[in-house]
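Here the structure is laid out as structure tokens; the discussion comes afterwards.
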Amino acid sequence: MGKNIVEKIMESHLVSGKLKEGSLIGVRVDQVYTQDATGTMTWLEFEAIGLDRVRVPLAVSYVDHNMLQSNFMNADDHLFLRTAAARFGAYFSRPGNGICHQVHLERFAAPGLIALGTDSHTPTGGGIGMIAIGVGGLEAASVMAGMPFEFTMPKVVRINLLGKLRRPYVTAMDVILTLLKMLSVKGGVGKIFEYGGSGVKDLSVTERATITNMGAELGATTSIFPSDENTLRFLKAQGRQHQWIPLEADEDAEYAEIIEIDLSEIQPMIAQPHSPDNVVPVKDIKETKVHQVCIGSCTNSSYKMMKTVSSILRGRTVHEDVTLFINPGSKQVYEMLAHEGDIENMIAAGARILESACGPCIGMGGAPGSGQVSIRSYNRNFKGRSGTKDAFVYLASPVVCALTAIKGEIVDPFETDISVEEINEPESFKINDNMLISPKKDKDIKIIKGPNIKEVPVKEPLENTIHAQVLLKLGDNITTDDILPAGTQVLPYRSNIPEISKFTFKNLDENFYERAMNAKSKGGGIIVGGENYGQGSSREHAAIAPMYLGIKAVIAKSFARIHRANLINFGILPLIFVNPEDYEKVEQGDILKIIDLISGVKGSQKYVIFNESKDSSFEVYSNLNDREKELILN
Ligand code: MIC
Ligand code: SF4
């Protein structure tokens, strides 16, 4: 029987288990990378494991999230990361070098490899034909310590692309927004999307990477494209042609499902507030007044897209009601734009050029005004993520964003008097790795820890009985941004759990922290959620902070993959309603009792929950694999 691309790569990396949908497998990992917001914890965890050096062929520590330096905290964290990378044998990508996913794609990603990153948009690397998966910090630390990466083999779904995009008006961003409209933010849970078909050759590596990047918003484990002539062209332009191998699915490869998309039928699309799947054609909401436009991020900062934006802005002025921010995703692209006069075009038009980092995407600067409309070429528009609770954030292609910045209202590229130029991919990129510090040989380097770097908190082993109060009852699609917000006030505490835990659920419930602290000595707390609990980010802090506050279990209808793994890693039981209707049987404030947990985890994984406040009971289950059972018990 023929094989698909995912099977080919997994098979060549398999160390345990059977390569079969739904079974637990272990694979060897070639590359691991971290970013600063998740990386400080990851490197503390790696240090706690007690090894001298990383045991993977390549590890990279990037700095791109916490960039605003209004006091010592972020600067101290960067120093910790630099010295830890030097001490443990990882590359260090200095602040200013760019956003981890884009820099990794440009300088390290290669077809046929497996990479893990402590960030949910790690699948960006799928654009080059690599299996790239976002994980929590402890997962990454264990793998860097030489363990295989163990996970349940997802379904492989083929996305068959046909035809060609109607360039330059329709872009890769419109492809993934179309998929989000079709499949929703839950549509990819438990799946890997493998792209194929005659339309693949119409897309360059960076366009493919835009699509795999935002596959994270579908909830997919990852997404991957074949490695072909376009992949070779990109690697050549990056001076890395020796890393090319061809990779495609066999003719008779099998898939769990096949979805067909005709690229020539795709139109400019836009995600409306407050979810990336709330997608409509741009023409349906054209002329909506806009106050802010943000272009860049790890989703849409390729050379080609940035040059397109520059050409739209050339000789024009940003509308007087609009603030335009541009954050190029990598120093490489930034330097080329500067060299070729594009930064000059942007500045002349009135754009506010930011450093090459996440910036407004994660609410680190550039928050919109109260009730204002912001349109962004980014990947997430969850409520409050921008830093402004009542802002309205839309997501669209850089083309739509740039045209909108000029007109002051949402523009359909097919209907405007501004002509959009078609830009070609570059023959060669400007290669200058001076902001990447190579691993050091010296093992005596001292790791420098400022006052913001605190210990990793550790939980007691699982107790046999949980007798606790429901501290919060929530609906569907709760994001990690809801659980633990980002932004200028919170993000700098990522290395400091006692401080950051004060912000747990703060945007949803002002008093959560106080309630949790009160309940902590009285048996702790339980959270109740709906479907897809914990979607979004890989930040394990969204599990560590609740653990620190005494949360013992989360009961939900279903969980997002990375957050579920993070809960287990930090000893919080993820429990699922056997009958989803039983969700109605619990209220905030109810006292619940769950008994015989230890034998339950080891055995049937079914548990009866007694709701003492309602004098009723209902059933839940956990679906832990053997490795997860061990983690939860210990
Ligand atoms: C995000 O886009 O939500 C982030 C910020 O990059 C997160 C990581 C984090 O919370 O540090 C992610 O995607 O995993
Ligand atoms: Fe950074 Fe935004 Fe990309 Fe996350 S999605 S890595 S915050 S640019």
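Both counts, for ligands and for their atoms, begin at 1 and track the order of listing. A quick note: this is a predicted structure, and the numbers were derived from the prediction, not measured. In what follows, every heavy atom counts, from backbone to side chain, and hydrogens, waters and symmetry copies are set aside. For this chain, numbers begin at 1 and follow the sequence in order.
- Within the structure, the closest approach of H65 to ligand 2 falls below 4.0 Å when heavy atoms are considered.
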Between T34 and Y62, is the side-chain contact (heavy atoms from CB on, under 4.5 Å) condition met? List the steps. CA-CA 6 Å; T34 60; Y62 292 94; over 6 Å; no

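- Counting heavy atoms closer than 4.0 Å to ligand 1, residue I362 contributes side-chain atoms (C-beta onward) but none from N, CA, C or O.
- Neither the backbone nor the side chain of H541 has any atom closer than 4.0 Å to an atom of ligand 1 (non-hydrogen atoms only).
- Of all protein heavy atoms, the one closest to atom 3 (Fe) of ligand 2 is C298 SG, 2.3 Å.
- Between the side chains of T118 and T38, at least one donor-acceptor pair of N or O atoms lies under 3.5 Å.
- Nearest-residue assignment for atom 6 (O) of ligand 1 (options T299, D119, D481; heavy-atom criterion): D119.
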Please test H104 against Q31 for side chain to side chain donor-acceptor pair (under 3.5 Å), starting from the C-alpha separation and ending with a verdict. CA-CA 10 Å; H104 204 80; Q31 309 184 334; 2.8 Å; yes

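- Scanning the protein for heavy atoms near atom 2 (Fe) of ligand 2, the closest one is C361 SG, 2.3 Å.
- The option from C298, C100, S120, G117 that lies nearest to atom 12 (C) of ligand 1, judged by heavy atoms, is S120.
- Around the CZ atom of R82, the shell of radius 6.0 Å holds no more than 12 heavy atoms that belong to other residues, nucleotides or ligands.
- A donor-acceptor contact under 3.5 angstrom links the side chains of S330 and E106, judged on distance only.
- Remark: ligand 1 atoms within the under-4.0 Å shell around heavy atoms of T38 are 9 (C), 11 (O).
- Listed by number with element, the atoms of ligand 2 under 4.0 angstrom from any heavy atom of N379 are 5 (S).
- The closest side-chain donor-acceptor pair between N477 and N532 falls under 3.5 angstrom.
- Heavy-atom contacts of S538 reach the following atoms of ligand 1: 12 (C), 14 (O) (cutoff under 4.0 Å).
- The shortest side-chain heavy-atom distance between N379 and M214 falls under the 4.5 Å cut-off.
- The single protein non-hydrogen atom nearest to atom 2 (O) of ligand 1 is R385 NH2, 2.8 Å, given as residue, atom name and distance.
- Between K186 and E531, no side-chain nitrogen of the basic residue sits less than 4.0 Å from a carboxylate oxygen of the acidic one, so the salt-bridge criterion is not met.
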Report the C-alpha separation of L218 and L180 in whole Å, then their side-chain angles, then the decisive distance to 0.1 Å, and conclude whether the side-chain contact (heavy atoms from CB on, under 4.5 Å) test is met. CA-CA 6 Å; L218 292 163; L180 274 153; 3.7 Å; yes

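- Taking backbone and side-chain atoms together, H121 has no N/O/S atom less than 2.8 Å away from atom 2 (Fe) of ligand 2.
- Of all the listed residues (C361, S297, S537), S537 holds the heavy atom that lies closest to atom 7 (C) of ligand 1.
- Residue I362 has at least one heavy-atom neighbour below 4.0 Å for each of these atoms of ligand 2: 7 (S).
- Test R539, K389, R380, K506 against D481 for salt bridge (Lys or Arg N to Asp or Glu O under 4.0 Å) and you get one pass: R539.
- Each of L113, I128, L436 was scored for a side chain to side chain contact (heavy atoms under 4.5 Å, CB included) with F108, with one residue passing: L436.
- Ligand 1 places these atoms under 4.0 Å from at least one heavy atom of A37: 11 (O).
- Judged by the shortest distance from any of its heavy atoms, H101 lies inside the 4.0 Å radius around the atoms of ligand 2.
- Between the side chains of Y334 and D342, not a single donor N or O lies within less than 3.5 Å of an accepting N or O.
- Summary of contacts: the protein heavy atom closest to atom 1 (Fe) of ligand 2 is C358 SG, 2.3 Å.
- At least one heavy atom of R385 lies less than 4.0 angstrom from ligand 2.
- No side-chain donor-acceptor contact under 3.5 Å links N74 and Q69.
- The option from R539, M364, R494 that lies nearest to atom 11 (O) of ligand 1, judged by heavy atoms, is R494.
- In this structure, R561 CZ and N566 CG are separated by 9.5 Å, a value rounded to the nearest 0.5 Å.
- Within ligand 1, counting atoms from 1 as listed, the ones closer than 4.0 Å to a heavy atom of H65 are 4 (C), 5 (C), 6 (O), 11 (O).
- Of all the atoms in ligand 1, the ones that sit under 4.0 Å from a non-hydrogen atom of H121 are 2 (O), 13 (O).
- Contact annotation for T299 and ligand 2: no heavy atom of the residue comes within less than 4.0 Å of the ligand.
- Interface atoms of ligand 2 facing D119, defined by a heavy-atom separation under 4.0 Å, are 6 (S).
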